*Asks:* 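Structure provided below as structure tokens; questions to follow.
Basis for what follows: all heavy atoms, side chains included, without hydrogens, waters or symmetry-related copies. Counting starts at 1 for both ligands and their atoms, following the listed order. These figures come from a predicted structure and were not determined experimentally.
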Amino acid sequence: MITGAFPTTRPRRNRFDGFTRRLVAETTLTTDNLIWPIFVCDGQNQRSEVASMPGVARVSVDLLEAHLSEAVGLGIPAIALFPITPTDIRDATGREATNPDNLMCRAAREIKRLFPDLGLVGDVALDPYTDHGHDGLIENGYVVNDASVEILALQALNQAAAGIDIIAPSDMMDGRIGAIRTALDKAGHEHVRIMSYAAKYASAFYGPFRDALGSGGLLKGDKKTYQMDPANSDEALREVAQDLQEGADMVMVKPGMPYLDIIRRVRDNFAVPTFAYQVSGEYAMMMAAIQNGWLDRDRAILESLLAFRRAGCNGILTYFAVEAARLLNSKL
Ligand SMILES: NCc1[nH]cc(CCC(=O)O)c1CC(=O)O
Ligand SMILES: [Mg+2]
């Protein structure tokens, strides 16, 4: 580290004007870094706002063209799909997850037809499909691992067959990356990528997402026996190492802003494609302040996303993706 003493060295010199600041900037944020999570619902011509996520809507499949065309036009590389399963279709084993005509698969096929070059990220976990709101199967009150992994592998196969490009297991069962990789390869899906939610924490910041999905009210208990303890950091490295060994192509840390330290450690230790999810609660928190006039919308959005890049992320899943892409494109 080269440092010099004042007054010879004046760090403020490099902040003197705009062009110098641009020349010395260590990090960039572009539209290429953005993945947009969207919520898809059943029915025709359906659009409803998520109350705790102002500006975020659930839309039916027939409205996807209008919903996605701006994002595609702005150059957002990929979206992450989240289906809202009607309560009467949910059951204890999440059987709908493996139905080739479920909402997720119908949406994926339609999006591939409309926008063949848009990347599709498919969340693999049973919580959109279970009547208890957990990500796996429950036996004697415990979310069991190995039996859940078997269904999750089938869910991943189902999504790959519908055109999902990147399988993103968010369930935090042990060994699911290896099981999914094996299942995909056996079925001829060796090019389908896996983005593992490798270090996913049992967080309070998922609340608005569970509202959006309608799984919040259903959820019995919490997810602490499978999602990580927010107190832990070394454990995140072991989780990432294991998922990489099992064949993950990209890894994710989730939530985002409260876990930038974890992102940096993952990046430094593994130097693999690293992503973060700026989750629903982070979005809600920022929007609440923005709507009150307490934060400057544009600057707060871009600063929050740049922070992920500085921490070592390749990309960020964010509900601000379209907004951010607009701002970034208007600066070019
Ligand atoms: N396994 C499902 C899943 N996938 C993404 C999120 C949260 C995303 C967000 O809060 O924006 C969750 C919720 C959870 O684990 O309960
Ligand atoms: Mg794991």
*Asks:* Decide, yes or no, whether a salt bridge links D298 with R326 under the criterion of side-chain N to carboxylate O below 4.0 Å.
*Replies:*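 A salt bridge is absent here (no side-chain N lies under 4.0 Å from a carboxylate O).
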*Asks:* Please determine if the Mg ion (ligand 2) has an N/O/S atom from D243 lying under 2.8 Å away.
*Replies:*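 Checking the Mg ion (ligand 2) against D243, no N, O or S atom falls under 2.8 Å.
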*Asks:* At a 4.0 Å cut-off, with the gap strictly under it, does some heavy atom of Y283 reach an atom of ligand 1?
*Replies:*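 No, that is not the case, since the closest heavy atom of the residue is not under 4.0 Å from the ligand.
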*Asks:* Quick one: nearest non-hydrogen protein atom to atom 10 (O) of ligand 1, plus distance?
*Replies:*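 Scanning the protein heavy atoms, the shortest distance from atom 10 (O) of ligand 1 goes to S280 OG, 2.7 Å.
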*Asks:* Treat each ILVMFWY residue as a node, draw an edge where side-chain heavy atoms are under 4.5 Å apart, and state whether M228 and L260 are in one component.
*Replies:*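 Per the 4.5 Å side-chain linkage, M228 and L260 are co-clustered.
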*Asks:* For ligand 1, which atoms, with element, lie under 4.0 Å from some heavy atom of D127?
*Replies:*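 Reading through ligand 1 atom by atom, the close ones are 1 (N), 2 (C), 3 (C).
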*Asks:* So, the side chain of E282 versus the backbone of V279: is there a donor-acceptor pair under 3.5 Å, distance only?
*Replies:*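 Answer holds: yes.
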*Asks:* Assess the side chains of D211 and S52: does a donor N or O sit below 3.5 Å from an acceptor N or O?
*Replies:*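 Short answer, yes.
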*Asks:* Starting from atom 5 (C) of ligand 1, find the nearest protein heavy-atom neighbour and note its residue, name and distance.
*Replies:*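 Sorting protein heavy atoms by distance from atom 5 (C) of ligand 1 puts K254 NZ, 2.6 Å first.
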*Asks:* Below 4.0 angstrom from a heavy atom of A125, which ligand 1 atoms are there? Numbered from 1 as shown, please.
*Replies:*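 Atoms satisfying the 4.0 Å criterion: 1 (N).
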*Asks:* Provide the closest heavy-atom pair for Y201 versus I262 in the form atom of the first, atom of the second, distance.
*Replies:*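 Smallest heavy-atom distance, with atoms named: OH-CD1, 3.3 Å.
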*Asks:* Between T93 and L126, what is the shortest heavy-atom contact and its length?
*Replies:*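 Closest pair (atom of T93, atom of L126, distance): O-CD1, 4.0 Å.
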*Asks:* Can you name the atoms of ligand 1, numbered from 1 with element, that are less than 4.0 Å from a heavy atom of K200?
*Replies:*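 Selected atoms, number and element: 1 (N), 2 (C), 3 (C), 4 (N), 12 (C), 14 (C), 15 (O).
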*Asks:* Should the proximity of Y277 to ligand 1, defined as any heavy atom under 4.0 Å, be assigned to the side chain, the backbone, both, or neither?
*Replies:*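 Near ligand 1, Y277 shows its side chain, while the N, CA, C and O stay back.
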*Asks:* Go through the side-chain N and O atoms of Y197 and D123 and say whether any donor and acceptor fall under 3.5 Å apart.
*Replies:*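 Side-chain D/A pair, Y197 to D123: present.
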*Asks:* Heavy atom to atom 1 (N) of ligand 1, shortest distance: which of G136, S170, A80 holds it?
*Replies:*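 Checking each option, the heavy atom nearest atom 1 (N) of ligand 1 is found in S170.
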*Asks:* Considering only non-hydrogen protein atoms, determine which one is nearest to atom 8 (C) of ligand 1 and report residue, atom name and distance to 0.1 Å.
*Replies:*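 Here the nearest protein heavy atom works out to F209 CD1, 3.3 Å.
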*Asks:* Any salt bridge linking R106 with D101? Criterion: basic side-chain nitrogen under 4.0 Å from a carboxylate oxygen.
*Replies:*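 No, no charged N to carboxylate O under 4.0 Å.
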*Asks:* For ligand 1, which atoms sit closer than 4.0 Å to a heavy atom of D123?
*Replies:*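 Matching atoms, with element in brackets: 2 (C), 4 (N).
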*Asks:* Near D135, which atoms of ligand 1 are under 4.0 Å from a heavy atom of that residue?
*Replies:*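 The list of qualifying atoms is 1 (N).
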*Asks:* Could you tell me which N, O or S atom of E239 is nearest to the Mg ion (ligand 2)?
*Replies:*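 Among the N, O or S atoms of E239, the one closest to the Mg ion (ligand 2) is OE1.
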*Asks:* Report yes if the distance between the aromatic ring centroids of F39 and F209 is under 6.0 Å, otherwise no.
*Replies:*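 Yes; F209 has its ring centre under 6.0 Å from that of F39.
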*Asks:* Taking distance alone, with no angle check, do K223 and ligand 1 share an N/O pair under 3.5 Å?
*Replies:*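 Between K223 and ligand 1 (N or O atoms, distance only) the closest approach is under 3.5 Å.
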